[in-house]
A.B. asks: 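Below is the structure I would like to discuss, written out as structure tokens.
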Amino acid sequence: MSTTAARIFDAADRAILEFERLRFLTVGGKHDEIHARFAMTPVTYYVRLNWIINQPEAAEYDATLVRHLVELREKRRAVRTRGTTATGVETRPDHRGVRPALLG
């Protein structure tokens, strides 16, 4: 048996799902609110969020939101693996380390 206790889907996980329904004008604003509400870093928050949306209980709690979050995760993963944006603009650095999509 593992020394780490198995996590369960709890009220804190439901609070994170509720938080994901909110809209923020800036990423920084969301990150500040993550610190304030959950006392965790954004990295820790997103690791936990990804664990949450993989749980069957999360889909039972709010299937539409969980499906949306999974789709967003898959789109972002596809963009990272392709190295292009959703519109096909190249984002991988060239031989100089310059990302073409970021050029004016």
Side-chain angles (χ1 to χ4, degrees):
M1 180 173 222
S2 171
T3 57
T4 27
R7 283 213 5 87
I8 57 170
F9 185 79
D10 59 16
D13 298 327
R14 287 189 293 279
I16 287 175
L17 285 177
E18 293 296 326
F19 181 74
E20 280 300 308
R21 287 187 180 142
L22 303 176
R23 297 291 175 243
F24 293 88
L25 296 177
T26 65
V27 173
K30 183 174 183 179
H31 289 177
D32 291 343
E33 195 62 27
I34 288 168
H35 281 290
R37 284 191 190 202
F38 303 109
M40 60 177 75
T41 67
V43 170
T44 303
Y45 172 86
Y46 287 112
V47 167
R48 187 162 179 181
L49 176 62
N50 278 300
W51 178 87
I52 291 168
I53 64 176
N54 288 332
Q55 303 311 303
E57 297 89 352
E60 290 171 14
Y61 180 72
D62 189 337
T64 304
L65 176 62
V66 170
R67 185 175 31 251
H68 172 72
L69 293 171
V70 168
E71 287 172 3
L72 279 176
R73 178 177 66 187
E74 295 307 316
K75 285 179 186 175
R76 289 178 180 137
R77 182 176 291 151
V79 166
R80 280 193 313 274
T81 11
R82 279 195 322 264
T84 59
T85 64
T87 58
V89 176
E90 181 67 33
T91 60
R92 291 191 182 170
D94 65 10
H95 68 283
R96 299 166 296 166
V98 176
R99 291 183 180 273
L102 302 178
L103 296 177

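Every heavy atom of this structure was used, including side-chain atoms; hydrogens, water molecules and symmetry mates were not.
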A.B. asks: Would you check if Tyr46 and Ile34 make a side-chain contact, meaning some heavy-atom pair closer than 4.5 Å?
C.D. replies: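 Yes; the side chains approach each other to less than 4.5 Å.
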A.B. asks: Within this structure, what is the CD1-CZ distance for the pair Ile16 and Arg37, rounded to the nearest 0.5 Å?
C.D. replies: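 Reported value, rounded in 0.5 Å steps: 11.5 Å.
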A.B. asks: Does the plane of the ring in Tyr45 sit parallel, tilted or perpendicular to the ring in Phe19? Use 30° and 60° as the thresholds.
C.D. replies: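 Correct class here is perpendicular.
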A.B. asks: Side-chain heavy atoms nearer than 4.5 Å, only ILVMFWY residues, links allowed to pass through others: does that put Val70 and Val47 together?
C.D. replies: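 The answer is no; the residues belong to distinct hydrophobic clusters.
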A.B. asks: Within a strict 4.5 Å, meaning less than it, do heavy atoms of the Glu33 and Phe38 side chains meet?
C.D. replies: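 No, side chains not in contact.
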A.B. asks: Could you tell me the separation between the CG atom of Leu65 and the CD atom of Glu18, rounded to the nearest 0.5 Å?
C.D. replies: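 That separation rounds to 8.0 Å.
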A.B. asks: Are Glu20 and Lys30 close enough for a salt bridge, meaning some N to O gap below 4.0 Å?
C.D. replies: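 Salt bridge flag = yes for Lys30 with Glu20.
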A.B. asks: Spell out, yes or no, whether Val27 and Leu49 are grouped together once hydrophobic residues are joined by side-chain heavy atoms under 4.5 Å, including indirect joins.
C.D. replies: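 Hydrophobic grouping puts Val27 apart from Leu49.
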A.B. asks: Assess whether a salt bridge exists between Asp13 and Arg48, defined as any Lys/Arg side-chain N lying under 4.0 Å from an Asp/Glu carboxylate O.
C.D. replies: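 Looking at Arg48 together with Asp13, the answer is yes, because their closest N to O distance falls below 4.0 Å.
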A.B. asks: Tell me whether Leu25 at atom CG has more than 12 heavy atoms from other residues, nucleotides or ligands lying less than 6.0 Å away.
C.D. replies: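 Atom CG in Leu25 is not packed in, count stays at 12 or less.
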A.B. asks: Measure across Leu17 and Ala58 and return the closest heavy-atom pair with its distance rounded to 0.1 Å.
C.D. replies: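 So the minimum-distance heavy-atom pair works out to CD1-CB, 4.0 Å.
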A.B. asks: Please lay out, stage by stage, how Tyr61 and Glu57 fare under the test side chain to side chain contact (heavy atoms under 4.5 Å, CB included).
C.D. replies: CA-CA 6 Å; Tyr61 180 72; Glu57 297 89 352; over 6 Å; no
A.B. asks: Should Ile52 and Leu22 be counted in the same cluster of Ile, Leu, Val, Met, Phe, Trp and Tyr side chains packed under 4.5 Å apart?
C.D. replies: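 Yes.
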